[in-house]
Structures are given as C-alpha cells and as structure tokens.
Amino acid sequence: MRICHIKNVAGYASRLAQAQRALGHEAIVLAHEHPFGFPYDVLMPSGLKWNLWMLKRWKWLREFDVLHIHGGIWPGQVFYPLFKDLTGMRTIVHFHGGETRTGKGLHWLRVADNVFYTPPDLQAWHPKGTWMPQPIDVPPEPAEWFEHERPMFVHFTTNEQNKGTTRVIDMFFTAFGPLQHSYLDFPTGGRKDFYIGKDVELWVLRGIPYDHVESVIRRADVVFDQIAPYGIYGYVAVEAMALGKPVLSPINRELYPTACPVIYPHVTKLMELAHDESGRRHYGALGRAYVERVHAAPVVAQKALDIANL
C-alpha cells in the first residue's frame with residue numbers, strides 16, 4: 001500500500017507514516033517547515049503557490065493508493081476537489097483541532113472517503129468519523145526513577161489560555177502555598193518557571209524546544225497536562241503516560257475508553273499525589289499499560305488501515 005500524508009500537524013503524520021512503513025507499507029509525508037522541526041519527506045510551499053505546486057505533481061500523486069490529508073481542507077485548497085474528480089483516489093481527511101473548532105478547515109469535504117479526528121471532542125462536528133488516537137513509539141520502561149527531596153510536578157505550555165496555565169499555578173498555591181518563585185530564560189525564547197514549596201515543586205515550561213520535553217518528563221514525578229475547555233488530554237499526556245508518569249487533566253470521561261487513567265485534578269488529589277509515592281507508581285503503571293493498548297504507533301497505524309479498508 002502506498003500512502004501519501006499531507007501536512008504534519010503536531011508531528012502526527014510522521015509518526016503514523018513511520019509506523020505504517022514498519023508494517024510493510026510505503027508512506028511519505030509532504031509538509032511545510034514547522035518551528036518545532038517536525039520531520040517530513042517532501043517540503044511543500046505555503047500560501048498562494050501551494051495549489052500550483054500540487055497540480056504540477058498530480059501525475060506523481062496519482063501513483064499512491066490513498067491521500068491522507070491532515071488538518072482538514074481550507075477554502076482555497078481547490079486542488080483537492082480537482083484531484084479527486086480527476087483520479088477518484090481514496091482520500092482520508094483527518095482533523096486535529098483548531099481547523100474544526102474555527103470551521104476554517106471544513107471545506108470540500110465531499111472528497112473524503114473516510115473522516116478521522118484525533119481530539120475526541122471533535123466527534124460533535126464529525127459524528128460519522130472515527131477517533132484516531134495520537135500515535136507514539138512506546139519507549140522502554142525507565143530502568144530507574146529519579147529521587148527528589150520534594151515531588152516534582154511539571155506543566156508544559158505553548159498557549160497559556162488554552163492550557164489553563166494560570167489555573168494550574170493557582171491550584172498549587174492553594175494546595176501547597178506559600179511558594180517561592182524563580183525562573184530561567186532559554187536563549188531560544190522559552191522559559192522555565194519554578195514554584196518551590198515545603199512539600200512540592202512545580203515547573204512551568206513555556207515554549208521550550210521539543211527535544212527537551214522528554215528529558216524533563218523523565219525527571220518528573222507527575223505531569224499536569226492542562227486545564228482546557230475541551231475535556232481532552234494532549235500529546236504531552238501521552239508521552240508522560242508512556243514513561244510511567246501520572247497525568248493530571250480534567251478530561252471528559254465520556255470521550256475516552258473507560259480504563260483511561262488520567263487523573264482529575266483538584267487540591268486534595270494534588271496533595272495525595274505529593275505525599276504518596278506508591279500511588280504515583282500505581283497511576284504511572286496504569287498509564288503506561290493504557291498507552292500500549294490505545295496509543296502505540298503500530299496499534300494506531302493498523303486501526304487507520306482497517307477503518308479505511310486498506
């Protein structure tokens with residue numbers, strides 16, 4: 001099977017393509033440059049040049065068996081209906097969040113043979129679609145655990161309003177205050193804020209390089225994913241669970257499998273996790289088992305192939 005992924009939203013397409021290649025298929029990723037450096041096989045232009053660039057390559061594109069479009073279809077992307085009418089190629093349209101919630105990526109959907117969505121709240125817009133979880137290469141289980149004088153909670157943010165960062169910090173002041181605050185700026189423009197209390201410390205990391213995220217998660221005791229209005233967890237939560245770390249986020253339980261071990265955050269729960277190492281290990285083990293069942297890249301890749309009858 002030859003699969004062409006277009007766009008690499010949050011690195012999803014490259015992870016999925018890698019897993020599909022491991023299953024014996026040919027998969028490539030066409031994408032724009034991304035500030036976080038997500039990989040691609042072919043670099044596409046953006047803006048007005050994109051339609052012409054794609055049209056010039058239509059004969060090459062028709063050699064694939066399926067076109068997997070990430071991030072929806074925007075009004076100006078007229079290449080997609082033209083190509084569908086010309087070739088009839090099987091087409092998957094995959095939604096990742098903002099393009100659906102704003103409505104900007106909900107155009108030309110007659111081309112879709114299958115609709116996938118990753119944040120599960122998007123089911124409200126795509127009731128006939130299929131939830132496709134974030135894929136991850138599950139790393140080996142950590143051979144050892146960091147020992148801290150105070151349990152270390154971490155929170156990553158790129159958009160403080162969407163991630164509920166202020167509410168996360170306020171919750172820690174309520175549970176463990178007073179806290180001493182300090183910070184460290186990154187040369188790249190990111191920043192680490194440290195909130196240190198008698199019983200716990202919270203690291204808030206803003207705009208740090210993506211390759212630094214995993215190293216921080218490995219050192220952490222608990223990851224506070226987000227307090228978002230959508231009732232979902234993000235990629236950081238998946239990566240944290242894969243490394244056996246408990247994850248806090250007020251998810252909507254109706255959107256996820258019943259065994260989802262993400263912990264609803266409230267002051268009492270924060271205090272419990274801070275003082276109960278065995279509890280942290282317990283939730284960490286549940287999270288890792290959940291990721292192996294739901295988010296492991298080979299599992300997600302095979303699900304995508306099965307749903308599309310490929």
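To the nearest 0.5 Å, atom CD of residue Glu149 and atom CG of residue Asp199 are 10.5 Å apart. Rounded to the nearest 0.5 angstrom, His266 NE2 and Leu248 CG are separated by 9.5 Å. Here the CG-CG distance, from Asp276 to Leu273, works out to 7.5 Å after rounding to the nearest 0.5 Å. To the nearest 0.5 Å, the span separating SG on Cys4 from CD1 on Ile28 amounts to 4.5 Å. Put simply, NZ on Lys245 and CD1 on Ile217 are 9.0 Å apart, with the number rounded to the nearest 0.5 Å. To the nearest 0.5 Å, atoms CZ (Arg62) and OG1 (Thr87) are separated by 9.0 Å.
Between the side chain of Thr91 and the backbone N or O of Met89 there is at least one donor-acceptor pair closer than 3.5 Å. Panel note: side chain His275, backbone Met271; a donor-acceptor pair is recorded below 3.5 Å. Without hydrogens or angle criteria, Asp121 side chain to Ile232 main chain gives no donor-acceptor distance under 3.5 Å.
Checking Val300, Ile307, Leu305 one by one against Lys303, the side-chain contact (heavy atoms from CB on, under 4.5 Å) holds for a single residue, Ile307. Of the candidates Trp108, Trp74, Trp50, Tyr80 forms a ring-ring contact (aromatic ring centres under 6.0 Å, His included) with just one, namely Trp50.
Proximity of Phe173 to Tyr195: side-chain heavy atoms (C-beta onward) are separated by under 4.5 Å at one or more points. Looking only at side-chain heavy atoms (C-beta outward), Asp65 and His25 stay at 4.5 Å or farther from each other. Within the 4.5 Å cutoff, no side-chain heavy atoms of Tyr40 are placed close to those of His5. Taking 4.5 Å as the limit, every side-chain heavy atom of Tyr264 sits out of range of all side-chain heavy atoms of Lys269. Side-chain contact check for Pro265 versus Phe224: some heavy-atom pair is nearer than 4.5 Å. Between Met241 and Val262, some side-chain heavy-atom pair lies under the 4.5 Å cut-off. Taking the side chain as every heavy atom from C-beta outward, Asn162 and Gln226 never approach each other to under 4.5 Å. Inter-residue side-chain proximity for Met44 and Arg57 is flagged as unmet; no heavy-atom pair is nearer than 4.5 Å.
Taking every heavy atom of both residues into account, Pro261 and Tyr283 meet most closely at O-CD2, 4.2 Å. Smallest separation of non-hydrogen atoms from Ala297 and Pro135: CA-CB, 4.0 Å. Between Glu99 and Leu106, the closest heavy-atom pair is O-CG, 4.1 Å. Heavy atoms only, all atoms of each residue included: Met152 and Arg219 are closest at SD-O, 3.8 Å. For the residue pair Lys7 and Val29, the shortest heavy atom distance occurs at O-CG1, 4.4 Å. Summarising the geometry of Ser215 relative to His212, their closest heavy-atom pair is OG-O, 2.8 Å, with the distance given to 0.1 Å.
For Arg150, the salt bridge (Lys or Arg N to Asp or Glu O under 4.0 Å) partners two or more places apart in sequence, or in a different chain, are Glu201. Legend: residues meeting ring pair (Phe, Tyr, Trp, His ring centres under 6.0 Å) with His96, ordered by chain and number and at least two apart, are Tyr12, His70, His94. Listed by chain and residue number, nothing satisfies the side chain to side chain donor-acceptor pair (under 3.5 Å) test with Asp225 (two or more places apart in sequence, or in another chain).
The neighbour count for Tyr183 OH, taken as heavy atoms of other residues, nucleotides or ligands under 6.0 Å away, does not exceed 12. Crowding of Glu63 atom CD: a count of heavy atoms from other residues, nucleotides or ligands under 6.0 Å exceeding 12. Taking a 6.0 Å sphere around CZ of Arg293, one finds it holds more than 12 heavy atoms contributed by other residues, nucleotides or ligands. Within a 6.0 Å sphere centred on CG of Leu48, other residues, nucleotides and ligands contribute 12 heavy atoms or fewer.
A salt bridge is defined here as a Lys NZ or Arg NE, NH1 or NH2 lying under 4.0 Å from an Asp or Glu carboxylate O, and Arg191 with Glu160 fails to meet this definition.
Hydrophobic clustering (ILVMFWY, side-chain heavy atoms < 4.5 Å, transitive): Val223 and Ile196 are in one cluster. Linking Ile, Leu, Val, Met, Phe, Trp and Tyr whenever their side-chain heavy atoms come within less than 4.5 Å puts Ile263 and Val200 in one cluster. When hydrophobic clusters are built by joining Ile, Leu, Val, Met, Phe, Trp and Tyr residues whose side-chain heavy atoms come closer than 4.5 Å, directly or via intermediates, Val204 is not grouped with Leu184. In this structure, Val247 is a member of the same hydrophobic cluster as Val138, with clusters built from ILVMFWY side-chain heavy atoms closer than 4.5 Å. In the hydrophobic clustering of this structure, Leu61 groups with Ile73; members are Ile, Leu, Val, Met, Phe, Trp, Tyr whose side-chain heavy atoms approach within less than 4.5 Å, directly or through other members.
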Applying side chain to side chain contact (heavy atoms under 4.5 Å, CB included), run through Thr165 and Arg206 and close with a yes or a no.
-> CA-CA 10 Å; Thr165 300; Arg206 298 170 166 88; 4.0 Å; yes
Between Leu179 and Leu202, is a side chain to side chain contact (heavy atoms under 4.5 Å, CB included) present by the stated rule, with each step listed?
-> CA-CA 9 Å; Leu179 306 175; Leu202 169 67; 5.7 Å; no
Start with the C-alpha gap between Arg90 and Asn114, add the side-chain angles, then the distance that decides, and say whether side chain to side chain contact (heavy atoms under 4.5 Å, CB included) holds.
-> CA-CA 8 Å; Arg90 187 165 195 85; Asn114 296 96; 3.0 Å; yes
Step by step, would you call Leu23 with Gln302 a side chain to side chain contact (heavy atoms under 4.5 Å, CB included)?
-> CA-CA 8 Å; Leu23 292 174; Gln302 190 60 58; 3.7 Å; yes
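In this pair, Phe79 and Phe83 present their aromatic rings parallel. The plane angle is below 30°, not in the 30 to 60° band. Ring geometry for Trp131 versus Tyr256: interplanar angle over 60°, hence perpendicular rather than tilted (30 to 60°).
The aromatic ring centres of Tyr233 and His295 sit less than 6.0 Å apart.
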